[in-house]
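The next block holds one structure in the form of structure tokens; read it before the comments.
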Amino acid sequence: MLAHLTDKTDDSAILLTPLAKGELAGWRSEQPAEIGTWLDATQFKAEAGSISLIADGRGKLARVVLGLGDGDDPWAFAHLPGKLPPGPYRIDRSLDGDAASWAAIAWCLATYSFDRYRRKKATEWPDLAWPDGADRAAVERIVCATSLVRDLVNMPAADMGPAELTGIVETVASHHGARCRVLVGEELLRDNYPAIHAVGRGSSRTPRLADLVWGREDAPMVTVVGKGVCFDSGGLDLKTSAGMKLMKKDMGGAAHAIALAKMVMMANLPVRLRVLIPAVENSVSGNAFRPLDVLRTRKGLSVEIGNTDAEGRLILCDALAEADAEKPDLLLDLATLTGAARSALGPELPALFANDDGLADEILRHGREQHDPLWRLPLWAPYRRMLDSKVADLSNASSSTFGGAITAALFLKEFVSATTPWAHVDLYAWNGSSRPGRPEGGDAMGLRALFATVAARYAA
């Protein structure tokens, strides 16, 4: 049962009428004249997100008319919850399946609030009767997974360290009957994850690696890796205060990976799922790794540290090497990896890299269909020279100020076999300002697109 969606459809429910611009005149002609007069008086033209409140003869709210504009905004219903008084509402027009599902998704996500630390709790929201034709299972997956990403990313770093983050993986695994193993501290060195250990050893909060496995052993293997830097000070290459302020969200890739796993398990997709979450805090201490240190990695490649603030790719490279060793049918990694991707594409559009054109095309297509777009950037091989080191196999930071998202992706590519279908998503995981259904703060980006890709490839 999702909050603010209800099965109750009694006569007390206020009618909710969604209308695209092209439908307004026809609908008006079927209504009492006073409704048309009121719409004219309030200059309602069915613009996207516009609302007209219509009272009955006793002055009580009887109907809400929602403008859909051209009908191409999936978030249209998200305009409503924050503008309507509490109470029951029901849609009085038929919607096609996709539109009905999006009405429910947008309504639910518009009621999201992160109020864990507030003495006064969030607003009392109105309730919407389930729209006819909505795919309830899909709505639940999307709302639960998106809310999980938001909760995890919004959590202050003091309460979402490596132990807490891997604890979430364990909780999700337990809920869905998956197996989860967590390596802690020196166990990372014992089991040959030296780069994860090196990045996290400078913190008093011990580095960890969560390893979740679910599904039949003979099913196609889908492996998801998520960057879990629970706070990034920049290390000895210390960030500015402005650059450090939002670094509680640097575990956004891990949050997405956990949420994607939850969606796969909720849908009971016929896959062998594996999720690897390296969880660290990149801190300044006498034990922190240093510029020009040379680190060993799980794959055996040596990495010279050009910048301690390029730590995310270091923890990912060990996890990717382990994932690739099993030759999965599909390998995905998600990370809040580079400011360069944000400079290129802005905060709302994740950068997609892939070593398989067919896979990239699938993800982009599903992103368009799911209203969850990504944009492909190239794994431009000539830029690999920017990662050359004179003393190690490669450097973790480019010698150039150009193409930072590409060189970061090329670094990760060194740890994935050419024959493994692999996609890397460099995302922001944060809304800098609020929009209907997408409040300021942590948010899911590319999640629906990736789930739809996995489901289309492997659904029974």
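Position 1 is the first residue of the sequence; numbering continues from there.
- For residues 318-350, no pair satisfies ring pair (Phe, Tyr, Trp, His ring centres under 6.0 Å), with sequence neighbours left out.
- The ring pair (Phe, Tyr, Trp, His ring centres under 6.0 Å) contacts involving residues 153-190 comprise nothing, where partners must be two or more places apart or lie in separate chains.
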Assess whether side chain to side chain contact (heavy atoms under 4.5 Å, CB included) is satisfied between Met160 and Leu165, documenting all intermediate values. CA-CA 6 Å; Met160 186 51 62; Leu165 182 59; 4.0 Å; yes
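- For the side-chain contact (heavy atoms from CB on, under 4.5 Å) test, residues two or more places apart in sequence or in another chain that qualify with Ala449 are Asp372, Leu374.
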Report, one line per pair, each donor and acceptor closer than 3.5 Å where one atom sits in a side chain of residues 284-293; sequence neighbours left out.
unit_1 : atom_1 : unit_2 : atom_2 : d
Ser285 : OG     : Gly202 : O      : 2.9
Ser285 : OG     : Asn287 : N      : 3.1
Ser285 : OG     : Ala288 : N      : 3.3
Asn287 : ND2    : Arg201 : O      : 3.2
Arg290 : NH1    : Asp293 : OD2    : 3.2
Asp293 : OD2    : Arg290 : N      : 2.9

For residues 265-272, dump all side-chain donor-acceptor pairs below 3.5 Å to protein atoms at least two apart in sequence or in another chain.
unit_1 : atom_1 : unit_2 : atom_2 : d
Arg272 : NH1    : Gly215 : O      : 2.5

Per-pair distances, 0.1 Å, donor-acceptor, side chain in residues 216-223, under 3.5 Å, sequence neighbours excluded:
unit_1 : atom_1 : unit_2 : atom_2 : d
Arg216 : NE     : Asp218 : OD1    : 2.9

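- Qualifying side chain to side chain donor-acceptor pair (under 3.5 Å) partners for Arg181, counting only residues two or more places apart in sequence or in other chains: Asp191.
- Here Thr453 pairs with nothing under the side chain to side chain donor-acceptor pair (under 3.5 Å) rule; sequence neighbours left out.
- Residue pairs satisfying the ring pair (Phe, Tyr, Trp, His ring centres under 6.0 Å) criterion with at least one member in residues 319-364, sequence neighbours excluded, are listed as follows: Phe353-His424.
- Not counting sequence neighbours, Glu187 has no partner by the side chain to side chain donor-acceptor pair (under 3.5 Å) test.
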side-chain hydrogen bond (donor to acceptor under 3.5 Å, both in side chains) between Asp135 and Ser101, intermediate numbers included: CA-CA 6 Å; Asp135 184 336; Ser101 296; 5.6 Å; no
Between side-chain atoms of residues 240-248 and protein atoms elsewhere (two or more places apart, or another chain), which donor-acceptor pairs fall under 3.5 Å?
unit_1 : atom_1 : unit_2 : atom_2 : d
Thr240 : OG1    : Gly243 : N      : 3.0
Lys248 : NZ     : Asn154 : O      : 2.7

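- Taking the side chain to side chain donor-acceptor pair (under 3.5 Å) definition, one finds that Lys239 meets it with Asp309, sequence neighbours left out.
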